[in-house]
**Student:** 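One structure, pasted below without further comment.
A note on names: the letters A, B, ... follow the listed sequences, proteins ahead of strands, and every chain is numbered from 1. Atoms considered below: every heavy atom in the structure, side chains included; atoms not considered: hydrogens, waters and symmetry mates.
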Amino acid sequence: MLGVRKIIVTSALIYANGEVHLGHVTSTYLPADIFVRFCRLSGHDVVHVSATDDFGTPISIEANRKGVKPEEFVAFWNKKDRKDFEDLGISFDIFDQTSSEENKKLTQHFFKKLDEKGYIYKQEVLQPFCESCSRFLPDRYIKGTCPFEDCKATEQYSDSCEACGRPIEPGAIKNAHCAICGSEPVKKTSKHYFFKLSEFSAVLKKWLKQNQNLQPDVKNYVLNWIDEGLRDWDITRDLSWGIPVPSNEDREKVLYVWFNNHLGYISTAQKLFAERGQEDVVETWNTSEIFHFIGKDIAYHHYLYLPAMRMGVNEYKLPDYIPTRGYFTLQGRKFSKSREWYISVRDFLTRFPADYLRFYLAVITPYSQADVNFNWQDFENRINNELIANIGNFVHRVLTFTWSQYKGQVPEPESFDDLDKKLKEEFGNAVREAAEEINSIELSKGLRRILAFSAFCNKYFQTKAPWKNREACNTTIYLCVNAVRSLAILLEPYLPFSAQKIWRQMNLEGNVSDQTWNTAQELKVSGGHKINRPKTLFEKVQNAQKQ
RNA sequence: AGCGGGGUGGGGUAGCCAGGUUUAACCCGUUGGGCUCAUAACCCAGAGAUCAGUAGUUCAAAUCUACUCCCCGCUACCA
């Protein structure tokens, strides 16, 4: 076994203006959590870090509309999101906010360092400005008529037309008006700070090509951007809600959210380390393996801006892994909150247990940027046929058999025949092979491997027929009870709630999450151990689609 | 439009990067049988795919190359 690894896992920051939905969970939080839980079971020194992304125009406007301070607005969402994650079993070691003092400090530090090194310059830009709102308007805050002759759809955002699906050049929209108040914007100049992203083209390219841990398909995608020529990056906004530019002359400007939010990974991790009494938090970051779990919509930020900024400052190591997963579709159609084609975590949890969502998403989400489709019928089928009929059934038949035939007392094993030995071997194979998959972040394959182990156990039980084959019965049940214990450990990363339920039904010491992965290949439950009265683990799903 | 990903039995997917160990795997559905410990669950056997199309490379291609058709996603001044 490898030595103890020091690992920092971050989940992409959720924007603090809305609830957690299945898209967030699928691409980012669930994969990260499964990986983290597995690392904990493997005895590694791992932390799971995330936060809400608090700043930016949409939050500022929403808070204003609701008549609350942005601070209160984001605190509200932080609390709500935190609860959603908790109920889903997403186990953060810290879930903070990018508006924290720590992040302000680190962000300003980054700005100053980059400025000192000559990577930042000022330039005037001409931007749409709404006089009645007295606000500069990003593309998303200007609406108008699609400029394409064959479309001319009205009330479209100025960056792309939803009706014909084409992107719109900045300034090309017709009948432009402010999306908030409807008045016509004027052009106004403003001095902005720019980060010389273009200067990093060569080093970024080298880093991307050298890092063998990055997914090749995402890498190609990003390398293409570099080949087309990187543009320097406007890193300031004329807005009050944000981290102020650390310069006396521009107090009313703030740093763009994408300049500061990913620094929240570092600042939040360091906050945790400091709380735990570690002296050198920079050193801790730099001696850890860094994993940033993201969805592909933010691939550019994590593969280009983030590394470029770290390279520029040269104090914090770059990510080792950036596991990137695809877009989420519901019944084959794009997820969309505004079109009410959307499922929030909260909605889901009012109907089904968290583990059902974790199981289904884990089994259908590949380690690639391929899109993931959520289908209610498929959900129902997989829960009933794969989770319940395979795992649930095996656990239940073994425990009820032990309860009724042995009064709950695990029998002492007798001699092992070939099939018994083969099952014993399977314990080791499953533990080793599932670990290999999860270590490679192939979480879907890892779960399938565990399902295969459970299927093997069902076959074993069936072939052994302990209900009539009395001579071999003791050994069979002894091995099966042990297989159930092993399954509980193997499933813990995926189904933490159910794994713990199994643990309790088996009347085992402590919590399943405190066990060690590798002990799942051993026969730790000895003859004479008394289990608790078994109860049905899972309820079948019916009419999942009925909304 | 550019770029990225994908098209595998009735449905949904794996395999493709490192071509032969595949009689193309898995789940559902379907046909027949078994079992009755178990939530009509479990087990066994079978039917069903020339792996989008065309042309190549090769002793050998679902896997490599080129082109064509179709589907999906992304495109920095929202996040």
**Student:** Counting any heavy atom closer than 4.0 Å, what does A:Thr536 reach on the DNA or RNA strands: base, sugar-phosphate only, or nothing?
**Tutor:**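 Contact class for A:Thr536: base.
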
**Student:** Which part of the nucleic acid does A:Gly295 contact within heavy-atom distance under 4.0 Å: base, sugar-phosphate only, or nothing?
**Tutor:**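 Nothing, no heavy atom under 4.0 Å.
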
**Student:** Which of the following nucleotides, B:U39, B:A38, B:C74, is nearest to the side chain of A:Phe538?
**Tutor:**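 Shortest atom-to-atom distance from the side chain points to B:U39.
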
**Student:** Of the options B:C42, B:C35, B:C74, whose atoms approach the side-chain atoms of A:Lys468 most closely?
**Tutor:**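 Closest of the options to the side chain of A:Lys468: B:C35.
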
**Student:** Choose from B:A38, B:C77, B:C37 the nucleotide whose nearest atom is closest to any side-chain atom of A:Asn393.
**Tutor:**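 Of all the options, the side chain of A:Asn393 is nearest to B:A38.
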
**Student:** Please determine if A:Arg351 forms a cation-pi arrangement with A:Trp376, meaning its NZ or CZ atom is less than 6.0 Å from the six-membered ring centre and no more than 45° off the ring axis.
**Tutor:**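 That pair qualifies as a cation-pi contact.
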
**Student:** Please say which of A:Phe538, A:Phe379, A:Phe497 ends up in a ring pair (Phe, Tyr, Trp, His ring centres under 6.0 Å) with A:Phe352.
**Tutor:**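 Running ring pair (Phe, Tyr, Trp, His ring centres under 6.0 Å) over A:Phe538, A:Phe379, A:Phe497 with A:Phe352 returns exactly one hit, A:Phe379.
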
**Student:** Extract from the structure each pairing of a protein N or O with an N or O of nucleotides 21-30 of chain B at less than 3.5 Å, listing the distance.
**Tutor:**
from: B:C27; atom 1: O2'; to: A:Glu386; atom 2: OE2; distance (Å): 2.7

**Student:** Do other residues, nucleotides or ligands put more than 12 heavy atoms under 6.0 Å from A:Gln409 CD?
**Tutor:**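 For A:Gln409, atom CD is crowded (more than 12 foreign heavy atoms under 6.0 Å).
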
**Student:** Charged N to carboxylate O below 4.0 Å: is that the case for A:Asp417 and A:Lys422?
**Tutor:**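 No, A:Asp417 and A:Lys422 are not salt-bridged.
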
**Student:** Figure out the CG/C1' separation between A:Leu304 and B:A76, and round it to whole Å.
**Tutor:**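 Checked: the CG to C1' distance equals 9 Å.
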
**Student:** Return the nearest nucleotide to the side chain of A:Ala389; candidates are B:G34, B:A41, B:C77.
**Tutor:**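 In terms of side-chain proximity for A:Ala389, the closest of B:G34, B:A41, B:C77 is B:A41.
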
**Student:** Once you apply a heavy-atom cut-off of 4.0 Å, does A:His301 come out as touching a base, just sugar-phosphate, or nothing?
**Tutor:**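 Answer is base: heavy atoms of A:His301 come under 4.0 Å of a base.
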
**Student:** Which residue in the set A:Arg449, A:Arg448, A:Lys445 passes salt bridge (Lys or Arg N to Asp or Glu O under 4.0 Å) when paired with A:Glu433?
**Tutor:**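 In the set A:Arg449, A:Arg448, A:Lys445, the residue that makes a salt bridge (Lys or Arg N to Asp or Glu O under 4.0 Å) with A:Glu433 is A:Arg449.
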
**Student:** Answer with base, sugar-phosphate or nothing: what part of the nucleic acid does A:Lys540 contact at a heavy-atom distance below 4.0 Å?
**Tutor:**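 If one applies the 4.0 Å heavy-atom cut-off, A:Lys540 turns out to touch a base.
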
**Student:** Starting from the 5' end of RNA chain B, give me the residue, A:Asn390 or A:Lys445, whose nearest nucleotide shows up first.
**Tutor:**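 Final value for this comparison: A:Lys445.
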
**Student:** Is A:Ile364 touching bases, backbone alone, or none of the nucleic acid, heavy atoms closer than 4.0 Å?
**Tutor:**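 No contact.
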
**Student:** Find the distance A:Asn384:CG to B:C42:P and express it as a whole number of Å.
**Tutor:**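 Checked: the CG to P distance equals 11 Å.
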
**Student:** Measuring from the side chain of A:Val257 (C-beta onward, heavy atoms only), which nucleotide among B:U39, B:C37, B:A79 has the closest atom?
**Tutor:**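 Between B:U39, B:C37, B:A79, the one nearest the side chain of A:Val257 would be B:A79.
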
**Student:** Does NZ or CZ of A:Arg358 come closer than 6.0 Å to the centre of the six-membered ring of A:Tyr494, within 45° of the ring's axis?
**Tutor:**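 No, A:Arg358 does not lie over the aromatic ring of A:Tyr494.
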
**Student:** Can you check whether A:Phe401 stacks with the B:C37 base, using ring centres under 5.5 Å and planes within 30°?
**Tutor:**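 Not stacked: fails the 5.5 Å / 30° test.
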
**Student:** Give none if B:A41 has no partner; otherwise give the nucleotide forming a Watson-Crick or G-U wobble pair with it, both distances under 3.5 Å.
**Tutor:**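 Partner of B:A41: none.
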
**Student:** Counting any heavy atom closer than 4.0 Å, what does A:Pro466 reach on the DNA or RNA strands: base, sugar-phosphate only, or nothing?
**Tutor:**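 No contact.
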
**Student:** Atom CH2 of A:Trp225 to atom P of B:C74: distance rounded to whole Å?
**Tutor:**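 Rounding to the nearest Å, CH2 of A:Trp225 and P of B:C74 are 14 Å apart.
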
**Student:** Check every atom of B:C44, B:C77, B:C42 against the side chain of A:Lys459 and return the nucleotide holding the closest atom.
**Tutor:**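 So the side chain of A:Lys459 is nearest to B:C44.
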
**Student:** Taking the same atom, P, in B:U23 and in B:U13, what whole-Å distance lies between them?
**Tutor:**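 To the nearest whole Å, 26 Å.
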
**Student:** Could I get the full list of ring pair (Phe, Tyr, Trp, His ring centres under 6.0 Å) partners for A:Phe200, not counting sequence neighbours?
**Tutor:**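 Result, ring pair (Phe, Tyr, Trp, His ring centres under 6.0 Å) vs A:Phe200: A:Tyr119, A:Phe195.
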
**Student:** Given B:A76, B:A38, B:A79, identify the nucleotide with an atom nearest to the side chain of A:Trp258.
**Tutor:**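 Within the option list, the nearest is B:A79.
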
**Student:** Starting from the 5' end of RNA chain B, give me the residue, A:His396 or A:Pro366, whose nearest nucleotide shows up first.
**Tutor:**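 Closer to the 5' end of RNA chain B: A:Pro366.
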
**Student:** Just call it for A:Gln405: base, sugar-phosphate, or nothing, with non-hydrogen atoms closer than 4.0 Å on any strand.
**Tutor:**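 Nothing: the residue A:Gln405, judged by heavy atoms under 4.0 Å, touches no strand.
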
